[in-house]
Amino acid sequence: MQGVTVVDHPLVQHKLTIMRDKGTSTASFRRLLREISLLLCYEVTRGLALTTRVIETPLATIEAPTLEGKKLVFASVLRAGNGLLDGMLDLVPAARVAHIGLYRDHETLQAVEYFFKAPSDLEDRLVIVVDPMLATANSAVAAVDKLKERGATNLRYVCLLAAPEGIARFTAAHPDVPVVTAAIDEKLNEKGYIVPGLGDAGDRMYGTK
Ligand code: PRP
Ligand code: URA
């Protein structure tokens, strides 16, 4: 699929299976999401631009590679995005963070915005949107619409699980935004949940069911 990368690394797949299991505790679910986010972060940051700087090792002076440009931005779609955000920040501690508060209306499945806070210079930065679930893609499309409205032009999107319907809608709406996911499941059910999926990611992370 054009612009979509499925991270089929055995460690990711093993951890995802435990997360899907309805018997997995809230504490384990959160820990596994954080662990997987490190591996997804590794994939989504592949190909970041590098420049060089001169450093002195104990033995020689060399021009060594270093990341180019302004610090990147992780844009977390609340609440569940924060479960991916924490691990991403472990790997890229200097990243800036945007928070986008969105919830799905249970009747219409439309995304309702309740909060937005982002660095003011989004146009100068790579923005990586993080949210574990891409179901109808209403939330992902709304999040990227908003970030583009605020100036972002260079974006990537990372999730844990996607539905084929969500991938189709998102890539049609934002063909310029590459998607990284750990799996593409079978379908959405009539309530907009990913099947087989893992249930409601926010509720499983925070024990709010
Ligand atoms: C979940 C998930 C996504 C959204 C995906 O959030 O974290 O943001 O659903 O569904 P969609 O692709 O159909 O829009 P939810 O709205 O349940 O909010 P929460 O994270 O606060 O639980
Ligand atoms: N949001 C979730 O948390 N889970 C789904 O299966 C769909 C949307």
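Atoms within each ligand, like the ligands themselves, are counted from 1 in listed order. The model shown is predicted, which means the values in this text are computed figures rather than measured ones.
Of the polar atoms of Thr136, at least one N or O is found under 3.5 Å from an N or O of ligand 1, judged by distance alone. On a distance-only criterion, Gly202 and ligand 1 share no N/O pair closer than 3.5 Å. For ligand 1, one of its N or O atoms has an N or O atom of Arg104 under 3.5 Å away. Below 3.5 Å of separation, one finds an N or O of Ala137 facing an N or O of ligand 1. Note: no N/O pair closer than 3.5 Å links Ala140 and ligand 1 by distance alone. For ligand 2, the polar-atom distance check finds no N/O of Ala135 at less than 3.5 Å from any of the ligand's N/O atoms.
For atom 4 (N) of ligand 2, the closest heavy atom belonging to the protein is Gly199 O, 2.8 Å. With hydrogens left out, the protein atom closest to atom 17 (O) of ligand 1 is Asp200 OD2, 3.8 Å, a heavy atom. Nearest to atom 3 (O) of ligand 2 among the protein's heavy atoms is Ala201 N, 2.8 Å. What sits closest to atom 6 (O) of ligand 2 on the protein, heavy atoms only, is Ile194 N, 2.8 Å. Of all protein heavy atoms, the one lying nearest to atom 5 (C) of ligand 1 is Met133 O, 3.3 Å. The protein heavy atom nearest to atom 18 (O) of ligand 1 is Leu102 O, 4.1 Å. Atom 3 (C) of ligand 1 has Asp131 OD2, 3.0 Å as its closest protein atom, hydrogens excluded (heavy atom only). Atom 5 (C) of ligand 2 has as its closest protein heavy atom Tyr193 CD2, 3.4 Å. Ranking the protein heavy atoms by distance from atom 14 (O) of ligand 1 puts Ser139 OG, 2.5 Å first.
Considering only heavy atoms from C-beta on, Leu16 comes within 4.5 Å of Leu161 through its side chain. Looking at Leu147 and Leu122, their side chains come closer than 4.5 Å, going by heavy atoms from C-beta outward. Side chains of Phe115 and Leu102 form no contact here, defined as non-hydrogen atoms less than 4.5 Å apart. The shortest distance between side-chain heavy atoms of Lys148 and Asp176 falls below 4.5 Å. No side-chain heavy atom of Thr66 sits under 4.5 Å from any side-chain heavy atom of Leu50.
For the ligand labelled ligand 1, residue Ala111 lies outside the 4.0 Å heavy-atom shell.
Nearest to atom 8 (C) of ligand 2 by heavy-atom distance, out of Arg79, Met205, Arg204, Arg104, is Arg104. Among Arg169, Met205, Arg79, the residue whose heavy atom lies closest to atom 21 (O) of ligand 1 is Arg79.
The contact set between ligand 2 and Gly192, taken as ligand atoms under 4.0 Å from a residue heavy atom, comprises 7 (C). The ligand atoms of ligand 1 that sit less than 4.0 angstrom from a heavy atom of Leu78 are 20 (O). For ligand 1 and Tyr103, the ligand atoms under 4.0 Å from any heavy atom of the residue are 16 (O).
Glu43 approaches Val180 most closely through the heavy-atom pair CG-CG1, 4.1 Å. Considering all non-hydrogen atoms of both residues, Pro178 and Leu155 come closest at CD-O, 3.2 Å. For the residue pair Pro164 and Asp185, the shortest heavy atom distance occurs at CD-O, 3.1 Å. Closest heavy-atom contact between Leu33 and Ala80: CD2-O, 4.5 Å.
Proximity of Leu109 to ligand 1, defined as any heavy-atom pair under 4.0 Å, is not found for any part of the residue.
Counting protein heavy atoms under 4.0 angstrom from atom 12 (O) of ligand 1 gives one or more.
Looking at Thr208 and Arg79, their side chains do bring a donor and an acceptor atom within 3.5 Å of each other.
Rounding to the nearest 0.5 Å places CG of Leu134 at 4.5 Å from OH of Tyr157. Here the CG-NE2 distance, from Leu85 to His99, works out to 6.0 Å after rounding to the nearest 0.5 Å.
Judged by the 6.0 Å distance and 45° axis criteria, Arg156 is not positioned over the aromatic ring of Phe74.
At most 12 heavy atoms of other shown residues, nucleotides or ligands fall within 6.0 angstrom of atom NZ in Lys187.
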